[in-house]
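Computation of the quantities below employed the complete heavy-atom set of this structure, encompassing side-chain atoms and omitting hydrogens, waters and symmetry-equivalent molecules.
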Amino acid sequence: SKLTLLGTAVLLPVSAAVILIYEWSNPATLGAFAPAERLLNATFHATMLRSAGFNSLEVGAMRPETFLMSYMLMLIGGGSASTAGGVRVTTFLVLALAVWAEIRGEPDVTAFGRRISPEVQRQALTVMLLAVGLVGLATLALLGVSSLSPRDALFEVISASATVGLSTGITHDLPPAGQVIIILLMFLGRVGTITVAVGLALRSRQRPYRYPEERPIVG
């Protein structure tokens, strides 16, 4: 709960600020509103990218910088065990904490006075890499069966796999094969993350032996 609340408290204002900065003068999005309405719409859109998928702005008219941030927010998603999609905020924060601990040279990954077990760290890494791999393969497949630009194809794939529901407005123009890809992504995004996380937790076991340690070159 603390990790979810912390992640939400950081992601929401930061993402809303980014949308305000890049879309403030865009006449097709925030530029058409009064200052107070721009703040409201930016905050609303930043929230919807990680949850319900409603939109009050024209997604297809947004600037490339906003698209890039949207990719990241949709992939992160909402809180664990919630109806939101994505890899979930806790997964993202566990990996961020692991990176921070490694940068500081700490032997343990900690949060709020508690150690995070290595098993949870491996589960978070597995969920994240599987999600990124799925997005990459699905984007290549969608580009192969449609005439979408890479920007729009990536947005549609992440939105579907993270069960966000947003679109740049081209979903109805997809060929049947592209629609099938989107349908499969929505199904996998809805049940895949939970199934993988539970499966990894249930498959945890102890071996009666350990291999010698080795240190491959990283970076």
Side-chain angles (χ1 to χ4, degrees), residues 1-12 14-15 18 49-50 64-81 84-144 150-151 153-155 157-162 164 185 188-189 191-219:
S1 298
K2 289 180 180 179
L3 287 174
T4 300
L5 291 173
L6 173 63
T8 302
V10 172
L11 289 173
L12 183 56
V14 170
S15 57
V18 171
L49 284 170
R50 298 177 40 250
E65 298 87 351
T66 308
F67 263 87
L68 180 59
M69 186 206 61
S70 298
Y71 299 151
M72 295 184 288
L73 290 176
M74 290 191 296
L75 187 61
I76 292 173
S80 296
V87 298
R88 308 305 169 85
V89 176
T90 307
T91 303
F92 172 73
L93 278 185
V94 167
L95 294 177
L97 290 170
V99 171
W100 180 241
E102 188 65 25
I103 291 174
R104 298 177 60 190
E106 298 286 343
D108 297 315
V109 178
T110 60
F112 303 106
R114 296 289 189 274
R115 286 183 291 109
I116 298 177
S117 70
E119 290 80 7
V120 172
Q121 297 175 47
R122 291 199 299 269
Q123 291 168 14
L125 181 61
T126 301
V127 168
M128 178 62 79
L129 289 181
L130 287 176
V132 171
L134 176 64
V135 166
L137 291 175
T139 301
L140 288 175
L142 190 59
L143 287 172
R151 184 198 73 164
L154 183 57
F155 190 95
V157 165
I158 298 179
S159 179
S161 63
V164 174
L185 284 172
L188 292 174
V191 303
T193 303
I194 298 175
T195 302
V196 169
V198 172
L200 291 173
L202 293 178
R203 285 176 58 85
S204 179
R205 62 181 187 271
Q206 296 290 333
R207 280 184 174 177
Y209 62 90
R210 298 179 71 185
Y211 290 107
E213 183 178 294
E214 189 56 83
R215 293 180 175 271
I217 299 174
V218 175

Engineer: Would you say Val87 and Val132 make side-chain contact, with heavy atoms under 4.5 Å?
Structural biologist: no
Engineer: Mind listing the closest non-hydrogen atom pair of Leu49 and Ser70 along with its distance?
Structural biologist: CD1-OG, 3.7 Å
Engineer: For Ala131 and Leu75, which heavy atoms make the closest approach, and how far apart are they?
Structural biologist: CB-CD1, 4.3 Å
Engineer: Nearest 0.5 Å, what's the CD-CD distance between Gln121 and Gln123?
Structural biologist: 10.5 Å
Engineer: Provide the closest heavy-atom pair for Ala138 versus Val157 in the form atom of the first, atom of the second, distance.
Structural biologist: CB-CG1, 3.8 Å
Engineer: Are the side chain of Ser159 and the backbone N or O of Phe155 linked by a donor-acceptor pair below 3.5 Å?
Structural biologist: no
Engineer: When rounded to the nearest 0.5 angstrom, what is the spacing between CD1 in Ile116 and CG in Leu97?
Structural biologist: 5.0 Å
Engineer: When rounded to the nearest 0.5 angstrom, what is the spacing between CZ in Phe92 and CE in Met128?
Structural biologist: 7.0 Å
Engineer: Could you report the tightest heavy-atom contact between Val94 and Leu3, atom names first, then the distance?
Structural biologist: CG2-CD1, 4.4 Å
Engineer: Looking only at heavy atoms, which two atoms of Ala153 and Leu143 are closest? And how far apart?
Structural biologist: CB-CD2, 3.6 Å
Engineer: Do Met69 and Ser15 come within less than 4.5 Å of each other through their side chains, counting heavy atoms only?
Structural biologist: yes
Engineer: Got a sec: does the CZ of Arg115 have more than 12 other heavy atoms crowding it under 6.0 Å?
Structural biologist: no
Engineer: On a heavy-atom basis, which atom in Val89 and which in Thr8 lie closest, and how many Å separate them?
Structural biologist: CG1-N, 4.5 Å
Engineer: Measure the spacing between CG of Leu130 and CG of Leu134 and express it to the nearest 0.5 Å.
Structural biologist: 8.5 Å
Engineer: How far does OG1 of Thr90 sit from CD1 of Ile76, to the nearest 0.5 angstrom?
Structural biologist: 11.5 Å
Engineer: Side chain to side chain contact (heavy atoms under 4.5 Å, CB included), that's the test. Do Leu73 and Val164 meet it? Break it down for me.
Structural biologist: CA-CA 10 Å; Leu73 290 176; Val164 174; over 6 Å; no
Engineer: Can you tell me how far CG of Leu154 sits from CE of Met74, rounded to the nearest 0.5 angstrom?
Structural biologist: 7.5 Å
Engineer: Could you tell me if the side chain of Val10 sits less than 4.5 Å from the side chain of Leu6, heavy atoms only?
Structural biologist: yes
Engineer: Going through the checks in order, is the side chain to side chain contact (heavy atoms under 4.5 Å, CB included) test met by Val135 and Tyr71?
Structural biologist: CA-CA 11 Å; Val135 166; Tyr71 299 151; over 6 Å; no
